[in-house]
Amino acid sequence: MTTSKDIIEWTEEQKQEMRDKLLAWYDKEKRLLPWRENKDPYRIWVSEIMLQQTQVVTVIPYFHRFMEWFPTIKDLAEADEDKLLKAWEGLGYYSRVRNMQSAAQTMVEKFDGQMPNNVKDLLSLKGIGPYTAGAIASIAFDLPEPAVDGNVMRVYSRLFCIEDDIADPKSRKIFEQKVRETISHERPGDFNQALMDLGATICTPTSPKIEIDPLRDLYEAHKQNRLEEFPVKKKKVKTVHLYYLGLSIQNKKGEYLLEKRLAEGLLANMWTFPLVEVDKKHYQEMEKEWLGYQEDQKETTLFDFVAEDSGLMKGAFLEALETSQSDVVWLKQPLGDVKHVFSHRKWHILLGNGFLKEETELMLKENQSWVDPKDFPNLAFPKPQQKMISLIEELRNK
DNA sequence: AACACGGGGTG
DNA sequence: CACCCAGTGTT
């Protein structure tokens, strides 16, 4: 293990050479991005939160819409949560936008509705950690603060052969130290953004374009022919598999039964079709029956089919509707399956389609509603639920 | 220190 | 399909 003592030290001349080469490259190649049009701290903040774990091309349309919907910190502080989630729909890590609203409210209460202009106050805000505080401080306020993200760790680990595990939070300080030693005091914001652009486009994780890299002669890892050994990163944890039956249930008006998810945890407060968890064994049995059914494409309804066998899907429908009236739903057909990989788990969903026969005495749960599909665009659905909607629309178009 | 938290890309 | 990309908050 390399410790900070073992890491190569550059002379002042080498540091100056690195700054000059990096900034010259940035002046020529910098990407023209909407949040680079000016130094408005609010726009910088929004872009930096969106860019966490998310690529630039994905962020651009979200950024424009967000600034339209919430033009000021005050607008964000007062926004309706459903609209907030809709603004973030599909971006992932939805706590980011909830934390932003909390921070906006703090700014209205404590900072005169402005972004604070120093690292200490920035760090006191929800959702702003060491990286984002450094990014805002340097880009919006010209402070020579490090903003160490994955790109920066990749570039510096290759420059200095830093062998510390970048997944370990302890390592961040080593990289921050090296950035402090090298950062341009004249143009700290450009310096940090140049590092991130370089990591994103040239000094990439695989197949780095070393021949066109403005820092190509400075990488110690390259001198040692070990460029792609860096950065050092330990293995990620294995994903957990979860199995569900997904339920598309329509009433006579053509509305669908939807549920709002719990206020905490995965995909909090977002909308979903009812999901009933089943164990792997039952899921696989069901999947097998399902495929047999789809191959047949006979007159038989899934209701008949399931009723004769496990009754699992029917039971799930009854559970979702909180009723024991066994003839309340007529299961028309299977819609297909949806698979979705999260960072730490994988969902397997078999989606069934049912029609409600009687609805008068039916009690919905607190978090359930009948929703006209015309209103789907107004609700925030996570990706797996968007995939389910696609299956439903396929069926409607047949 | 370990885990929770989405979604996208490449080969 | 396997594999890569990773900041912040909570416990």
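The chains referred to below are lettered A, B, ... by the order of the sequence lines, with proteins before strands, and numbering in each begins at 1.
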Worksheet item: Between A:Phe160 and A:Trp10, does the ring centroid distance fall short of 6.0 Å?
Response: yes
Response to the item:
Reading nucleotides 2-11 of chain B from 5' to 3' and marking B where a protein heavy atom lies under 4.0 Å of the base, S where only the sugar-phosphate is that close, and - otherwise, the string is --SBBBSS--
Worksheet entry | Sugar-phosphate, base or nothing in reach of A:Asp168, heavy atoms under 4.0 Å | nothing
Worksheet item: Is it true that A:Trp35 and A:Phe63 have ring centroids separated by less than 6.0 Å?
Response: yes
Worksheet item: With a non-hydrogen cut-off below 4.0 angstrom, is A:Lys339 in contact with a base, only sugar-phosphate, or nothing?
Response: nothing
Worksheet item: If you look at every strand shown and take non-hydrogen atoms under 4.0 Å, does A:Arg154 touch a base, only sugar-phosphate, or nothing?
Response: sugar-phosphate
Worksheet entry | Gap in Å between the two C1' atoms, one belonging to C:dC5 and one to B:dC5, rounded | 15 Å
Fill in: Atom P, compared across C:dC3 and B:dG6: separation rounded to whole Å
24 Å
Discussion item. Closest-nucleotide mapping onto DNA chain C: is A:Lys346 or A:Asp149 further toward the 5' terminus? I mean the 5' end.
Written reply: A:Lys346
Worksheet item: Which parts of residues 121-132 of chain A get close to DNA chain C, meaning a heavy atom less than 4.0 angstrom away?
Response: A:Leu125, A:Lys126, A:Gly127, A:Ile128, A:Gly129, A:Pro130, A:Tyr131, A:Thr132
Worksheet item: Does the pair A:Gln386 and A:Glu89 meet the rule for a side chain to side chain contact (heavy atoms under 4.5 Å, CB included), with working shown?
Response: CA-CA 10 Å; A:Gln386 290 178 19; A:Glu89 178 190 54; 3.4 Å; yes
Item to complete: Report the distance from atom CE of A:Met196 to atom C1' of C:dC5, rounded to the nearest whole Å.
Response: 16 Å
Worksheet item: For the residue pair A:Tyr256 and A:Trp370, is the inter-centroid distance of their aromatic rings smaller than 6.0 Å?
Response: no
Practice prompt. Walk me through it: do A:Glu109 and A:Gln105 pass the test side-chain hydrogen bond (donor to acceptor under 3.5 Å, both in side chains)?
Written response: CA-CA 6 Å; A:Glu109 289 163 19; A:Gln105 290 163 351; over 6 Å; no
Worksheet item: What do you reckon, are the aromatic ring centroids of A:Phe70 and A:Phe66 less than 6.0 Å apart?
Response: yes
Worksheet item: If the P atom of B:dG11 is compared with that of C:dA6, how far apart are they to the nearest Å?
Response: 16 Å
